[in-house]
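Here's the structure we're looking at; comments come further down.
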Amino acid sequence: MDENKYTFENPEFKDTYRHTTSHILAQAVKRLYPEVKLAIGPAIDNGFYYDFDAPFAITPEILEKIEAEMRKICKEKIKLERFELPREEAIKFMQERDETYKVELINDLPEDAVISFYKQGDFTDLCAGPHLDSTGRVKGNAIKLTSCTGAYWRGDSNRKMLQRVYGTCFMKKDELDAYLARIEEAKKRDHRKLGKELGLFMLTDEGPGFPFFLPKGMVLKNTLIDYWREVHKKYGYVEVSTPMILNRQLWETSGHWFHYKENMYTTQIDSEDFAIKPMNCPGGMLVYKSEPHSYRDLPLRVGELGLVHRHELSGALHGLFRVRCFTQDDAHIFMTWDQMKDEIKGVVKLFDEVYSLFGLPYEIELSTMPDDHMGDEADWEFAQNTLKEAITEMGKKYIINEGDGAFYGPKLDFHLQDSLGRTWQCGTIQLDMQLPERFELEYVGADGEKHRPVMIHRVVFGSIERFIGVITEHFAGAFPTWLAPVQVKVMPITDRVDDYAKYIAKRLDKLGFRVETDLRNEKIGYKIREAQSQKIPYMIIVGDKEAENGTISVRTRTGGDEGAMSVEDFIEKLGKEVSTRAK
């Protein structure tokens with residue numbers, strides 16, 4: 001028997017466990033507040049939720065009462081029993097209980113659908129299942145209701161706003177405690193909070209979803225971009241820049257006008273339709289077409305840091321993670337079919353170099369041909385097998401996401417894991433057999449004939465802005481020295497040594513280090529604490545003794561006192577740390 005079959009290592013069991021807990025939540029609500037109507041309650045990635053139509057606001061105090069009732073239901077070890085009803089009987093059954101949302105769900109089921117219910121004591125819910133066999137299987141002391149938010153019925157803003165109660169559960173209390181501790185730590189690391197405290201960026205009502213980068217945030221952003229350019233030059237990429245606004249004909253050719261228009265911002269110029277680009281790819285096709293190519297030119301690796309705009313619903317906006325305007329670090333690789341495997345390997349090597357620098361391990365997911373694919377199935381099979389072979393030959397494991405590729409080609413998604421164990425989908429290697437066809441891209445082969453190249457779309461950061469959000473939380477704002485907006489703060493103990501402090505700062509600045517001075521008439525302890533709260537890697541403290549000896553006293557942001565040293569020794573130490581991009 002598989003020893004992990006009945007543990008959270010088994011995703012199916014975890015979903016069943018948490019789905020059952022959502023039914024326990026609904027039963028507890030109906031026991032305490034019979035007038036509440038039920039909507040839906042699925043398991044989700046980190047727990048479960050249930051949507052309720054309640055004639056009162058579900059407050060934190062009410063959540064505590066519901067949670068206590070859920071524990072009672074777990075202790076009662078109520079058996080869960082599945083049964084089926086014909087459509088008319090099922091509707092009548094829910095109408096008698098005044099569950100109008102369930103009636104609507106039944107009416108929308110296909111005519112041949114099996115209509116099943118799960119009964120647990122005095123509570124019955126419409127559900128396809130599966131479920132655990134008893135409420136006693138769920139550990140009551142490992143349940144936590146985490147929040148209540150608004151949610152439109154069936155996600156339709158024209159329908160009624162319901163109240164969605166979120167919760168999580170585990171098989172052991174210590175697992176719940178560890179999870180809740182991670183959540184609390186995540187709140188402290190929230191990039192929106194740290195972005196404000198560290199002066200990195202701001203979000204305003206005047207530009208919802210359009211972030212403003214402040215001076216320190218621009219230093220961080222530009223340092224990332226400088227690194228991006230350096231590593232791409234190393235791997236043989238050239239850089240281009242394509243226009244932000246292009247005409248409707250281009251977007252019709254690419255297919256975006258018909259399949260993505262609701263997410264695009266459009267305008268008119270001289271009575272002609274134009275769109276602000278939601279992605280860089282079509283412009284990249286025009287760059288390739290601007291001159292003839294031979295097989296000797298391929299592979300051609302072309303990178304672009306393009307500012308793109310996408311219309312996101314206001315409710316989906318979230319700090320730098322979900323915005324309406326962002327810098328996509330695209331690259332398009334044009335190649336022959338027989339170059340595909342080596343190019344995939346080259347991209348993965350680049351990803352390895354970048355992600356390891358930030359201490360972000362990853363998992364790979366391969367998304368295969370969807371039902372609505374375009375192109376020949378034999379080409380899809382070749383492309384998918386090439387992706388598999390490339391990463392397998394590199395000694396990497398992957399999981400398959402069956403049927404979730406884009407309509408134009410299969411892809412590899414790279415899910416990064418941060419210091420809290422959370423995953424972020426950033427890197428993508430997307431094979432595309434269709435855009436080269438749509439734009440009639442060509443190269444002249446060794447046989448003198450014209451051929452169609454195949455293409456890779458790929459991003460490393462995904463979005464510069466989103467990646468800044470990820471690493472801000474990953475490092476809790478304490479960026480590595482090479483990346484920190486301010487690397488050194490010089491602080492005199494007394495105004496008698498202000499000139500010496502300025503001399504030190506000027507010397508570091510001339511060498512290219514990012515340095516600030518704090519000449520305020522404040523106690524040195526206060527200055528140190530404030531510099532630490534700003535996550536500045538190094539603090540230089542100078543007093544009469546240091547000025548007299550031509551030395552400096554060095555502290556780190558973690559509170560470590562490195563003692564007195566010469567300015568030259570500190571410059572050598574700092575220079576090595578920055579040049580090697582030490583973590």
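These numbers come from the heavy atoms of this one structure, side chains and all, not from hydrogens, waters or symmetry mates.
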Does the ring of Phe123 carry Lys30 above it, NZ/CZ under 6.0 angstrom from centre and within 45° of its axis? no

Geometric class of the Tyr355/Phe414 ring pair [parallel <30°, tilted 30-60°, perpendicular >60°]: tilted

Look at the rings of Phe210 and His309 and say which category their plane angle falls in: under 30° parallel, 30 to 60° tilted, over 60° perpendicular. tilted

Does a side chain donor of either Glu104 or Trp153 reach within less than 3.5 Å of an acceptor in the other side chain? yes

Are Ser419 and Arg189 linked by a side-chain donor-acceptor pair shorter than 3.5 Å? yes

Any chance the rings of Phe93 and Phe117 have centres within less than 6.0 Å? yes

Mind checking whether Trp424 and Phe321 have ring centres under 6.0 Å apart? yes

Can a side-chain donor-acceptor contact be found between Glu304 and Thr242 if the only test is distance below 3.5 angstrom? yes

Determine, stepwise, if the pair Arg164 / Ser147 fulfils side-chain hydrogen bond (donor to acceptor under 3.5 Å, both in side chains). CA-CA 8 Å; Arg164 176 169 294 177; Ser147 64; over 6 Å; no

Residue among His457, His332, Lys411 satisfying side-chain hydrogen bond (donor to acceptor under 3.5 Å, both in side chains) with Asp432: His457

Is the distance between the ring centroids of Phe201 and Phe212 under 6.0 Å? no

Classify the side-chain pair Gln384/Thr368 by whether it contains a donor and acceptor separated by less than 3.5 Å. no

Donor-acceptor check, side chain of Asp329 to backbone of Gly462, threshold 3.5 angstrom: yes or no? yes

Kindly determine whether Lys37 and Glu35 satisfy salt bridge (Lys or Arg N to Asp or Glu O under 4.0 Å), including the steps that lead there. CA-CA 6 Å; Lys37 291 184 173 60; Glu35 69 276 22; over 6 Å; no

Do Tyr362 and His415 make the cut of ring centroids closer than 6.0 angstrom? no

I'd like to know whether CG of Asp45 has more than 12 heavy-atom contacts from other residues, nucleotides or ligands below 6.0 angstrom. no

Assess the side chains of Lys79 and Thr135: does a donor N or O sit below 3.5 Å from an acceptor N or O? no

Between Phe467 and Phe358, is the gap from one ring center to the other below 6.0 Å? yes

Rounded to the nearest 0.5 Å, what's the gap from NE2 on His19 to NZ on Lys14? Could you check? 15.5 Å

Do Tyr50 and Phe48 have ring centres separated by under 6.0 Å? no

For the residue pair Tyr17 and Asn10, confirm or rule out a side-chain donor-acceptor distance under 3.5 Å. no

State whether the number of non-hydrogen atoms from other residues, nucleotides or ligands found under 6.0 Å of Lys193 atom NZ is greater than 12. yes

Keeping Arg87 on the side-chain end and Ile106 on the backbone end, is there a donor-acceptor pair under 3.5 Å? yes

Would you tell me whether Glu61 and Thr59 have side-chain atoms, one donor and one acceptor, within less than 3.5 Å of each other? yes

Under a 3.5 Å distance rule, please check whether Lys119 uses its side chain to pair with a backbone N or O of Gly121 as donor and acceptor. yes

Pair Ile464, Leu305 - check side chain to side chain contact (heavy atoms under 4.5 Å, CB included), show working. CA-CA 9 Å; Ile464 300 290; Leu305 293 161; 4.2 Å; yes

His311 side chain to Asn263 side chain, donor-acceptor N/O pair below 3.5 angstrom: no

CA sep, side-chain torsions, deciding dist, call: Arg71, Glu67, salt bridge (Lys or Arg N to Asp or Glu O under 4.0 Å): CA-CA 6 Å; Arg71 294 193 186 97; Glu67 200 177 286; 2.6 Å; yes

Will you find, in the side chains of Gln27 and Asp122, an N or O donor that is under 3.5 Å from an N or O acceptor? yes

Are the side chains of Leu366 and Ile399 in contact, using a 4.5 Å heavy-atom criterion? no

Ignoring hydrogens and geometry, is there a side-chain-to-backbone donor-acceptor pair from Arg324 to Glu312 under 3.5 Å? yes

Working for side-chain hydrogen bond (donor to acceptor under 3.5 Å, both in side chains), residues Thr168 and Asn46: CA-CA 6 Å; Thr168 192; Asn46 55 3; over 6 Å; no

Evaluate the side-chain hydrogen bond (donor to acceptor under 3.5 Å, both in side chains) criterion for residues Glu272 and Asn247: first the C-alpha distance (whole Å), next the side-chain angles of each, then the deciding distance (0.1 Å), finally the verdict. CA-CA 7 Å; Glu272 185 181 353; Asn247 71 8; 3.2 Å; yes

For residues Pro485 and Met218, determine if any side-chain heavy atom of one lies less than 4.5 Å from a side-chain heavy atom of the other. no

Worked verdict on Gln417 versus Glu363 for side-chain hydrogen bond (donor to acceptor under 3.5 Å, both in side chains): CA-CA 8 Å; Gln417 186 179 87; Glu363 292 183 350; 5.6 Å; no

I'd like to know if the side chain of Gln268 pairs up with that of Asp273 as donor and acceptor (distance under 3.5 Å, no hydrogens or angles considered). yes

Any idea how Tyr118 and His131 line up, ring-wise: parallel (<30°), tilted (30 to 60°), or perpendicular (>60°)? perpendicular

